[in-house]
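A short worksheet on the structure shown next.
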Amino acid sequence: MELNELEKIRVEKINAMRAAGIEPYPTRSEVNTTIQQAIEAFSQFENSHPDESLSDHFILGGRIRSIRTMGKLAFAHIEDGSGRIQLMLRLNELGQDNLDQFKNWFDIGDFIQAEGSLTRSRTGEVTLLVSAFKMLAKAISPLPAAKDEEVDGQIIRHATFSDPETRFRQRYADLAINEDVREIFRKRTAVVRSLQRFMDSHGFLEVETPILQPIYGGAAAQPFTTHHNQLKQELFLRISFELYLKRLLVGGLDRVYEIGRDFRNEGVSFKHNPEFTQLEFYWAYADYLKVMELTEQMVSTAAQDVLHTQKVQFKGQEIDLTPPWKRVELRQGILDACGIDIDQHPEADTLFKAMAEKGLTPNPEATRGKLIDALIGDFLEPNFIQPTFLYDYPRDISPLAKKKPENPAVVERFEGFIGGMELCNSFTELNDPLDQEKRFQEMGRAYSDNDDEQHPMDEDYLQAMSYGMPPNGGFGMGIDRLVMLLTNKTSIREVILFPHLREREEE
RNA sequence: GGGCGCGUAGCUCAAUGGUAGAGCAGUGGCCUUUUAAGCCAUUGGUUAAGGGUUCGAGCCCCUUCGCGCUCACCA
């Protein structure tokens with residue numbers, strides 16, 4: 001560990017403490033109260049005993065966030081997971097030696113415990129008048145300087161720790177300093193809990209399926225590959241949960257869901273991280289229309305639970321999540337947005353020409369479905385700010401979805417968009433094993449010139465379906481993007497504790 | 001992967017091609033009710049790394065690394 005000058009000074013303080021017989025990293029602490037509990041206890045006490053101090057045997061612990069010393073008096077704030085409280089250290093209570101020790105050896109960032117009586121300082125702040133204190137863990141690296149001022153409940157930040165690279169590489173420091181960052185992740189957990197409660201209360205069973213898979217599937221994405229040494233077996237990190245969850249429907253678990261990590265070996269962007277969290281559920285005897293209704297309920301309930309409102313601020317716009325959400329039929333939506341009627345172009349080549357005439361430059365190799373997908377991305381997705389279901393997708397980009405009875409070129413599928421982002425994807429699941437086999441074969445042909453995106457045939461999945469799979473509606477949603485929406489963050493890295501960053505070159 | 005931008009003290013940022021600076025943090029001093037504490041003094045730099053042009057480079061050029069934005073990719 002290379003020490004800079006500030007850190008060397010801290011190490012000298014550690015040595016001085018040990019020389020004085022004080023252990024800067026004691027094995028045990030005597031902390032018995034959280035800061036929040038202490039403040040609440042004092043508030044109650046005050047009601048019946050105005051202008052008195054409360055000298056219960058409170059021992060508080062926390063990290064020093066600020067120090068203000070004067071000649072014979074020092075103030076500090078300590079912070080634990082529950083809140084922040086001011087300490088007052090006076091010569092009268094502590095004596096010269098103890099006060100000097102605090103001034104000489106204690107720094108911002110150190111963890112300490114302190115006991116004493118609770119009172120109000122002259123400015124009216126609840127304060128622990130310290131009678132004894134102890135170092136719990138000396139910090140060597142100084143926390144980046146950040147100062148918050150609270151004015152009428154508004155936090156004004158005077159110095160900051162804001163460089164995104166350093167914040168993400170040293171997320172621990174980011175969290176330690178920036179309370180609003182901690183709040184993002186408290187909300188993230190609250191969102192997940194809300195989704196779990198919602199699914200549980202609708203009779204869904206939360207399950208866990210393999211992350212290491214011999215055959216990947218359920219999405220069109222490049223997988224990460226790995227290897228089992230003893231079994232000499234190539235394995236893939238899952239790109240979706242879909243095929244395993246639907247096997248469970250075959251097994252008689254009618255309503256299942258999983259919240260977990262997917263891994264996709266693709267580009268990184270403000271809305272893509274190589275590993276991301278997904279909620280998928282499969283619902284026997286339902287179809288995509290029922291899933292739409294459940295989706296509206298689920299997302300608006302999450303907003304209500306976490307933010308206590310269904311109107312959220314995102315990128316300077318108010319988004320109203322209250323059901324029902326707008327529904328746009330894919331063909332009509334594209335027709336309205338750019339005048340191209342995809343039904344007039346059953347093959348890729350004429351659709352390509354129609355797009356070229358509109359001045360677009362689509363990929364000439366793209367299938368019809370991929371061209372339509374490009375139209376969605378260009379004309380529809382960015383404009384779906386308010387929650388919108390786009391439904392009825394072309395068959396060839398949806399190999400696991402069921403055809404519409406009245407139009408076999410179209411499948412019963414929808415995607416949900418909010419804030420100009422795709423949030424979720426759902427379909428009435430294909431449960432015809434012979435049709436499913438055909439679709440796998442078609443996908444194999446469509447991508448045969450591109451090994452990376454080839455969709456492998458999953459024989460065992462077909463075997464499962466051959467035993468009979470109930471009709472069902474399936475659903476997948478990016479939790480990271482939902483958290484972005486509910487915390488008004490425009491980068492996925494802000495809502496992932498340890499987002500993927502390139503490895504730094506060591507010299 | 002392409003384009004544009006950025007990288008300077010622990011943090012946030014300055015610095016026409018001409019002695020690398022400020023605020024905060026730190027250190028020393030004064031101060032017994034402060035809270036962005038204040039006042040005085042002071043330490044701290046391989047200017048991301050490497051190379052080049054130049055009498056002289058943080059600044060101009062090249063290469064590399066990282067980050068951001070954007071495009072491409074992403075059922």
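This is a predicted model, so every value here is computed, not measured. Within every chain, numbering begins at 1; the chains are lettered A, B, ... in the order of the sequence lines, protein sequences first and strands thereafter.
Counting only heavy atoms from C-beta outward, the side chains of Phe314(A) and Ile385(A) never approach each other to under 4.5 Å. Under the 4.5 Å side-chain criterion, counting only non-hydrogen atoms from C-beta, Arg238(A) is in contact with Asp262(A).
Side-chain proximity of Leu6(A) to the nucleotides U33(B), A75(B), G26(B) is greatest for G26(B). With U33(B), A75(B), C11(B) as the choices, the nucleotide that has an atom nearest any side-chain atom of Asn425(A) turns out to be A75(B). When each of U12(B), G26(B), A37(B) is scored by its nearest atom to the side-chain atoms of Met70(A), the top-ranked nucleotide is A37(B). Of the candidates C74(B), G10(B), U33(B), C74(B) carries the atom nearest the Lys370(A) side chain, counting heavy atoms from C-beta on. Among U27(B), G44(B), A75(B), the nucleotide with an atom closest to any side-chain atom of Pro399(A) is A75(B). With G68(B), U12(B), G10(B) as the choices, the nucleotide that has an atom nearest any side-chain atom of Asn4(A) turns out to be G10(B). Distance from the side chain of Arg68(A) is smallest for U34(B) among the nucleotides U27(B), G68(B), U34(B). Comparing C67(B), A25(B), U32(B) by their nearest atom to the side chain of Arg169(A) picks out C67(B). For Lys72(A), counting side-chain heavy atoms from C-beta on, the closest listed nucleotide (C67(B), G10(B), U32(B)) is U32(B). With A75(B), C67(B), G10(B) as the choices, the nucleotide that has an atom nearest any side-chain atom of Glu165(A) turns out to be C67(B).
Nearer to the 5' terminus of RNA chain B, by closest-nucleotide assignment, is the contact made by Pro142(A) (compared with the other of Pro142(A) and Glu5(A)). Where Ile67(A) and Leu73(A) meet RNA chain B, the nucleotide closest to each residue was compared, and Leu73(A) sits on the side nearer the 5' end.
No engagement by Ser66(A) is indicated, since no non-hydrogen atom pair under 4.0 Å with the nucleic acid exists. Within the nucleic acid shown, Arg264(A) has no heavy atom closer than 4.0 Å to any nucleic acid atom. Among the heavy atoms of the strands lying under 4.0 Å from Arg493(A) are primed sugar atoms or P, OP1, OP2 only; no base atom is included. Nucleic acid contact for Leu91(A): base, since at least one base atom lies under 4.0 Å from a heavy atom of the residue. As judged by a 4.0 angstrom heavy-atom cut-off over every strand, Gln86(A) is placed among the base-contacting residues.
A donor-acceptor contact under 3.5 Å is not formed by the side chain of Ser162(A) with the base of U12(B). Under 3.5 Å, the side chain of Arg90(A) and the base of U33(B) form at least one donor-acceptor pair of N or O atoms. A donor-acceptor contact under 3.5 Å links the side chain of Asn92(A) to the base of U32(B). For Glu125(A) against U34(B), no side-chain N or O and base N or O form a donor-acceptor pair under 3.5 Å. The base of U33(B) is not paired with the side chain of Arg122(A) by any donor and acceptor separated by under 3.5 Å.
Between the CD1 atom of Ile177(A) and the P atom of C24(B) there is a distance of 18 Å, rounded to whole Å. Rounded to whole Å, the distance from CD on Glu7(A) to P on U27(B) is 14 Å. One atom, CG of Asn178(A), and another, C1' of C11(B), lie 11 Å apart when rounded to the nearest Å. One can place CZ of Arg395(A) at 18 Å from P of A75(B), the figure rounded to the nearest angstrom. Put simply, CD1 on Ile140(A) is 14 Å from C1' on G10(B), counting in whole angstrom units. In this entry the distance linking CH2 of Trp105(A) with C1' of U27(B) reads 17 Å, nearest Å.
Ring centers of Phe417(A) and Phe389(A): at least 6.0 Å apart, outside the cut-off. Taking the six-membered ring for Trp and the full ring otherwise, the centers of Phe236(A) and Tyr216(A) sit less than 6.0 Å from each other. For Tyr288(A) and Phe427(A), the ring centers are positioned 6.0 Å apart or more.
For the P atoms, the distance from A22(B) to G45(B) is 14 Å, rounded to whole Å.
In this structure, Glu258(A) contributes its side chain and Thr209(A) its backbone to a donor-acceptor pair below 3.5 Å. In this structure a side-chain-to-backbone donor-acceptor pair under 3.5 Å is present from Arg368(A) to Ile342(A). Of the possible donor and acceptor atoms, none in the side chain of Lys403(A) sits under 3.5 Å from a partner among the backbone N and O of Leu430(A).
Environment of CG in Asp97(A): sparse, with no more than 12 heavy atoms of neighbouring residues, nucleotides or ligands closer than 6.0 Å.
At U27(B), one or more side-chain N or O atoms of Lys13(A) fall inside 4.0 Å of OP1 or OP2 (strictly under the cut-off). The phosphate of G44(B) has neither OP1 nor OP2 within less than 4.0 Å of any side-chain N or O from Lys8(A).
Between the side chains of Gln86(A) and Thr127(A), at least one donor N or O sits under 3.5 Å from an acceptor N or O.
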Parsed dot-bracket for RNA chain B after applying the Watson-Crick and G-U rules with both distances under 3.5 Å and | for other-strand partners is (((((((..((((....[..)))).(((((.......))))).....(((((..]....))))))))))))....

